[in-house]
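Heads up, the thing below is written out as structure tokens.
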Amino acid sequence: MTRYISTRNKEDSLSAHEAVIAGLAKDGGLYTPESIDVKVPVEEILNDSYQECAAKIIRALLDDYTEEEIHDCVYGAYDSKFDTEKIVPLKQIRGGWLMELWHGPTSAFKDIALTILPRLLTAAYKKENRNDIVSILTATSGDTGKAALSGFADVPHTAITVFYPEIGVSPIQKKQMATSRGDNVEVIAVKGNFDDCQRMVKEAVSSKEVLDACYGVTISSANSINIGRLVPQIVYYYYSYAQLVNNGTIDCGDPVNFVVPTGNFGDILAGYLAKQIGLPVRKLICASNSNNVLTDFLATGVYSLDRRFLTTMSPSMDILISSNLERLLFMLSGNNDIKVSAMMDSLKAKGSYRIDDVMLKKIRETFSGYWTNEEQCALTIHDLFVEQNVLIDPHTAVGVSAMERYQKETGDYTPAVVLSTASPYKFCRDVYFSITGEKKDDDFEAMDALEKLSGVKVPANLAELKDMKVRFTRSIEKEDGLHVIAERMRGLGNAQN
């Protein structure tokens, strides 16, 4: 049975369901498979539905859940909430394919994992025969927040609190969160950036003030630091590969490149885990926006926060501290928790760390990094629409730009799949301006104009936002974060008694 150990203390070992409940280790480490011994041969999923594929892969890694539990979680998550039976369809573009991950209830790739995580957590909760409240603390740079709020709304024995940067999410993303339904949800803006929000959530698990307030309450997370969110993301790598085999693009066993727009390194780490369990992945191309800390790291082996934080039109990638990179370093170092802890301590104290040449060489065997500025991002949106009649959001545009540059610079034209992470209508003003050069001051006016221009229907969950009532308006200073979390925990505990 797979054990999950903390990247900062490998003696801290949990089963899969225990790691899902915990979310983050008390030492701040991330629960990671002690070893990956399972293989899922791709030929075994070629004729599977998305649900069948998901059940096989999730069960292989979260192996202390029963087959029945996984089946119920998978089929409860991936149903009519998605607007296509395929869940994750492919669309061909010049140079490669788009893996459309935004057909779920909040029109972002986070739906794939956050429709199933609440079910995995509930199943784990039943195994433990618990009656406390699981409090989900979540930091978001835009899309995770609404997907988590949607997934956990009114789930028994849970409460969810989402923190987002007051400036730095799109107006549509903000309204999605502020209008969220559910008696167990709370949304709070933070006067800071995503890294400040993420720091709050991470520090809460070891804060004395917060823990003293957790009477009858257990803290967990819906961010990709939770292994229960990361594992379901492996599925769409396999499923898109199977589609390429079935449509005749490749033969089973041929390698594929995946291009991943990423800020927190979770989505691309899922691709690495897919490779570890048997998917024929040649390269994982890490696509960044102007906050190019990951591109610099892949080029130099130095991870440095000594740079200006930029607010871009691809806000879900406006991140400087990429949490899931810690998991990759842990795995590639042979589970060297002492080494990883030292690097994370250096990042906190000095704002940087350096990996050795041996580890950098290992990383470069699989990963390449490219970044795209705002002008090139807008041009990519424009050109793909004008030349190929394909509408994409800014995050996807960063991925397409990275794919094109990688192919041109390396001459590697291995079939490439770009992860298309969000509906263009979540960023309608920027997308409309990129295509037409015309500014719209109102998001819903831009949404209507973009629909008329493209003929692509606005997702129902976004169209209805215009008339929805705002429920959450609270904003806090970043320095008050732990106190606010403690206050929330105390309120949840009192409400239960």
Side-chain angles (χ1 to χ4, degrees), residues 106-110 137-149 161-180 186-202 222-225 261-267 287-295 305 307-323 371-375 377-378 381 393-398 421-431 433-434 439-443 446 462 465 470 472-481 484:
T106 75
S107 301
F109 85 94
K110 310 293 176 77
L137 299 180
T138 301
T140 185
S141 53
D143 287 332
T144 291
K146 178 57 183 178
L149 289 160
T161 310
V162 167
F163 298 93
Y164 71 92
E166 188 170 56
I167 297 173
V169 300
S170 82
I172 294 294
Q173 289 174 315
K174 184 175 182 178
K175 189 156 189 186
Q176 277 188 299
M177 290 185 280
T179 57
S180 294
E186 174 137 14
V187 180
I188 300 173
V190 176
K191 299 182 192 301
N193 59 37
F194 169 77
D195 293 319
D196 297 316
C197 299
Q198 184 169 245
R199 191 179 304 112
M200 258 185 242
V201 169
K202 285 185 170 183
N223 286 97
S224 55
I225 54 178
T262 188
N264 217 10
F265 211 75
D267 212 7
S288 301
N289 63 16
S290 299
N291 292 295
N292 56 352
V293 62
L294 285 168
T295 311
L305 304 181
R307 63 188 65 231
R308 192 157 60 99
F309 179 88
L310 299 170
T311 300
T312 73
M313 72 171 94
S314 47
S316 297
M317 298 160 65
D318 290 346
I319 296 170
L320 294 185
I321 301 176
S322 302
S323 290
W371 71 278
T372 300
N373 62 28
E374 292 290 86
E375 293 75 20
C377 181
I381 293 170
D393 85 293
H395 305 78
T396 305
V398 168
T421 56
S423 165
Y425 287 105
K426 297 192 81 165
F427 312 93
C428 46
R429 278 194 287 180
D430 285 323
V431 173
F433 179 73
S434 296
K439 289 189 176 181
K440 297 285 187 184
D441 294 328
D442 179 78
D443 281 272
L462 300 180
L465 280 176
V470 170
F472 302 102
T473 59
R474 187 179 184 186
S475 177
I476 64 170
E477 300 292 337
K478 61 185 179 182
E479 294 80 10
D480 296 333
V484 168

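Just so it is clear, the structure is predicted and the values come from calculations on it, not from any experiment.
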Taking the side chain as everything from C-beta on, heavy atoms only, tell me whether R474 gets closer than 4.5 Å to E186.
yes
With a 3.5 Å cut-off and no angle check, do the side chains of K202 and S323 form a donor-acceptor pair?
yes
Atom pair CE/OG1 of M177 and T138 - distance to nearest 0.5 Å:
11.0 Å
So which atom in T262 and which in M317 form the shortest heavy-atom distance, rounded to 0.1 Å?
N-CE, 3.7 Å
Distance, nearest 0.5 Å, that separates CZ of R307 from CG of N291
8.5 Å
Audit row: K175, D443, side chain to side chain contact (heavy atoms under 4.5 Å, CB included) steps and yes/no:
CA-CA 11 Å; K175 189 156 189 186; D443 281 272; over 6 Å; no
What's the separation between atom NZ in K110 and atom CG in D267, rounded to the nearest 0.5 Å?
8.0 Å
Given side chains that start at C-beta, do those of D393 and S423 come closer than 4.5 Å, heavy atoms only?
no
Within the supplied structure, the quantity of interest is the number of heavy atoms (other residues, nucleotides, ligands) at a distance under 6.0 Å from K440 NZ; does it exceed 12?
yes
Indicate yes or no: at least one non-hydrogen side-chain atom of S180 is less than 4.5 angstrom from one of K146.
yes
For the residue pair C197 and P165, what are the closest heavy atoms and their distance?
SG-N, 3.7 Å
Checking N292 side chain against W371 main chain: does a donor-acceptor pair fall under 3.5 Å?
no
Separation between CG (D196) and CD1 (I476), nearest 0.5 Å, reads 10.5 Å
Between D318 and T312, a side-chain donor and acceptor under 3.5 Å
yes
Any donor and acceptor pair, going by atom type alone, linking the side chain of D195 with main-chain N or O of L320 inside 3.5 Å?
yes
Is any side-chain heavy atom of S316 less than 4.5 Å from a side-chain heavy atom of S141?
yes
How far apart are the closest heavy atoms of S288 and L294, and which atoms are they?
OG-CB, 3.9 Å
side-chain hydrogen bond (donor to acceptor under 3.5 Å, both in side chains) with Q198: which of T140, N223, N264?
N264
Full working for side chain to side chain contact (heavy atoms under 4.5 Å, CB included) between L310 and E374
CA-CA 11 Å; L310 299 170; E374 292 290 86; over 6 Å; no
Would you sort out whether Q176 and L149 count as a side chain to side chain contact (heavy atoms under 4.5 Å, CB included), showing the intermediate values?
CA-CA 10 Å; Q176 277 188 299; L149 289 160; over 6 Å; no
Measure the spacing between CG of N193 and CD1 of I167 and express it to the nearest 0.5 Å.
11.0 Å
For F427, check ring-ring contact (aromatic ring centres under 6.0 Å, His included) against everything at least two apart and list the hits.
H395
Set out, in order, the CA-CA distance, both residues' side-chain angles and the distance that settles side chain to side chain contact (heavy atoms under 4.5 Å, CB included) for V187 and Y164, then state yes or no.
CA-CA 8 Å; V187 180; Y164 71 92; 3.6 Å; yes
Value rounded to 0.5 Å, distance of CD1 in I381 from OG1 in T396
8.5 Å
Under 3.5 Å, is there a donor-acceptor pair between the side chain of S322 and the main chain of G263?
yes
For E375, does its backbone N or O pair with a side-chain atom of N373 as donor and acceptor, under 3.5 Å?
yes
Shortest non-hydrogen separation from P315 to S170 and the atoms involved
CG-N, 4.1 Å
What residues, two or more places apart in sequence or in another chain, satisfy salt bridge (charged side-chain N to carboxylate O under 4.0 Å, His left out) together with D143?
K426
Treating R429 as the side-chain partner and K439 as the backbone partner, does any N or O pair qualify as donor plus acceptor under 3.5 Å?
no
Would you say C377 and N289 make side-chain contact, with heavy atoms under 4.5 Å?
no
